[in-house]
Enquirer: 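Have a look at the structure that comes next, please.
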Amino acid sequence: MNLLLDGLLVLALLWSAWRALASPDLARAVVLFIVFGLLMALAWARLNAPDIALAEAAIGAGLTGALLLDALGRLQPGTGAPAPESPAQPPANRAGRRWTGSVALVAGLLAAALAYALFQLPAPTVRLPEQVAANMAASGVDHPVTAVLLNFRGYDTLLEVAVLLIALIGLLTLGPAAGRPAAPGPANPLLKALARLLVPLMILSAGYLLWAGAHRPGGAFQAGALLAAAAVLLHLAQLLPAWASPGRLLRLGLAGGFLIFLGVAAALLAEGALLTYPPAQAGGLILLIEAGLTVSLGLILAGLFLLFAGAEERP
Amino acid sequence: MLEALSALLLLAGAGFYLAGTVGLLRFPDVYARLHALTKADNLGLGLTVLGLALQADSLAAALKLLLIWPLALAASATVSHAIARRAAGLGLKPWRPEEKRP
Amino acid sequence: MSAGLLYALAGVLLFALGLGGIVLLRHALRRILAFNVMGSGAFLVLVGLAQRDGGADPVPQAMVLTGIVVAVAATALALALLRRLPEDRP
Amino acid sequence: MTGLEAPLALFLLVNLLAALVRAARGPTAADRMLAALLFGSTGVGMLLLLAYAGGGAPLVDAALVLALLAAIAGVAFAQRAWHRDREGGDDA
């Protein structure tokens, strides 16, 4: 039964990815990719990784779909002209077909080699789960993934938040969108009502996920993604205007989480080691960092969608 | 007793999911498919949630489950409205029996 | 053939599919999709391989969790760059 | 634990595959988006069933998040990305 469920899910994953990439028209490719994201969330649930299923659901359904559909809307002019059809089928001439065939062959060989390597891999000598479990007492939290994320590998998370900030700064340097502004749909009163109903609940759920991160799957990343999705919904309901270049307060919000994390790391440096929390205050420090991260991640991820998403500004 | 009732509800929920999917595959135009879609959403999901809520080990877990249902209702109603409104805006005519089936 | 190994194999296939897609597809938006498929494939291999003999391993799960967030940030940046490509060569 | 959860999750997955055929083959953009929306609600159903088939309570949180966000892709599609794809027919 289980293998049947996993087998079917893997087939659905592969097939939807293949159809998404090989589909002739762009709108179908984007929609099939959103379907692929949903299937990935189910795959993570089957791989008993609830944290990742939560993150994939929050980001796949909330952000990636909206980002891609918005980009698609900008590519197709509102005048109903057909989408720029660049046929994904291999070109008719022989050279083109030979090129496509050879690339497919190389990709196939790569897949075969990797698959062979998967089967040949010896059992791991260092059992990570047991190591994490052994040190859970000193981690300050009860949930292993959060312990790894914020305590044992806190350094990676610190740099990872910096990477998110850099992506946002990259977006800011690009300045206003030069492309056609997406034709804003007519103001939809029902959508405004839905946004007013759902957004408070999303914020409450984000708070719950933040708090739950200490002892069960949840945490700053999923909570931040949920807050960003709430901002996207508000923007789609035309209750939240697109952001121009961020003012002082928004800049503080964007960088705040990272600065708090950096501050805690610097303070701990005084005790001689990077990011090793004293066991007594570990729980409190992690919650402080996660709270700051939730707000900042929510603003950063929302900024990725909202910055310059409005009508074309006169540069 | 609770077990049997829960199993019954889960089966009914799965039945409505099937109805929604078959409706999506078979119905001729966007508007009819929206109807089928919302059946899968509110009744399929609703009965599944009810079936599982009976088995929840604590009241809080049962309430969280029951919270999912109205959320899905509100979301699917609004999205169906937005899509139908946009379809009408693009001049999509509802299907007429005498038309050829697409 | 545990579930973990099955998903790791699926990850390998998705990775190769995405790689082929990036090379073959010409439209920039399609290449961004192929890039995401490749990323998801790599994540599946990470977690699937670590759990090939059952059990949940929190270390790769934490890495993949942050990886997903970085992937969406990279996609957003790529889409912003896409908006600034000259119209004639999407 | 009625033991029904796992087979029903499998049943929903089969439904999902059928809807995937419509999403891939659907002539109009609306069909594809409807299939994606059906995926959303079927996905929530599956996550709930998997939660009670041994996946654990956290999957209920994932289902809650997915239910909260199911509307966003649909609305983004209806408002931003839906133009008349090709002339003629009921294509949209």
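Reminder, nothing fancy here: chain letters follow the sequence lines and each chain counts from 1.
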Enquirer: With only heavy atoms counted, which part of Leu45(B) is less than 4.5 Å from chain D, the side chain, the backbone, both or neither?
Expert: side chain

Enquirer: Quick one: which of Leu64(D), Val75(D), Leu68(D) has the most heavy-atom pairs under 4.5 Å with chain B, could you say?
Expert: Leu64(D)

Enquirer: Can you tell me which portion of Ala56(B) sits under 4.5 Å from chain D's heavy atoms? Options are side chain, backbone, both or neither.
Expert: both

Enquirer: Checking heavy atoms, do the side chain of Ala35(D), its backbone, both or neither come under 4.5 Å from chain B?
Expert: both

Enquirer: As an exercise: rank Val60(D), Leu48(D), Leu69(D) by heavy-atom pairs under 4.5 Å with chain B and give me the winner.
Expert: Leu48(D)

Enquirer: Quick one: what part of Leu12(D) sits under 4.5 Å from any heavy atom of chain B, side chain, backbone, both or neither?
Expert: side chain

Enquirer: Using non-hydrogen atoms and a 4.5 Å limit, figure out which bit of Leu49(D) sits close to chain B: side chain, backbone, both or neither.
Expert: both

Enquirer: For chain D, which of Leu18(B), Thr78(B), Thr48(B), Leu2(B) has the most heavy-atom pairs under 4.5 Å?
Expert: Leu18(B)

Enquirer: Check Ala71(D) against Ala75(B) and note the closest heavy-atom contact, atom names and distance.
Expert: CB-CB, 3.7 Å

Enquirer: Go through Asp57(B), Leu52(B), Thr38(B) and name the one with the most non-hydrogen pairs under 4.5 angstrom from chain D.
Expert: Leu52(B)

Enquirer: What are the two closest heavy atoms between Ser41(D) and Asp41(B), and how far apart are they?
Expert: CB-OD1, 2.7 Å

Enquirer: What part of Leu34(B) is in contact with chain D, defined as an atom under 4.5 angstrom from a non-hydrogen atom: side chain, backbone, both or neither?
Expert: both

Enquirer: Can you name the nearest heavy-atom pair linking Leu25(B) to Ala18(D), along with the distance?
Expert: CD2-O, 3.7 Å

Enquirer: Does a sphere of radius 6.0 Å around CZ in Phe11(D) hold more than 12 heavy atoms from other residues, nucleotides or ligands, not counting ones at 6.0 Å or beyond?
Expert: yes

Enquirer: Heavy-atom cut-off 4.5 Å, strictly under: side chain, backbone, both or neither for Ala63(D) against chain B?
Expert: both

Enquirer: For chain D, find which of Asn42(B), Leu65(B), Val49(B), Val22(B) contributes the most heavy-atom pairs closer than 4.5 angstrom.
Expert: Leu65(B)

Enquirer: Write down the atom of Thr21(B), the atom of Ala19(D), and the distance for their closest heavy-atom approach.
Expert: CG2-N, 4.2 Å

Enquirer: Of all the heavy-atom pairs spanning Ala67(D) and Ile68(B), show the shortest one and how long it is.
Expert: CB-CG2, 3.9 Å

Enquirer: Could you report the tightest heavy-atom contact between Leu34(D) and Val30(B), atom names first, then the distance?
Expert: CD1-O, 4.0 Å

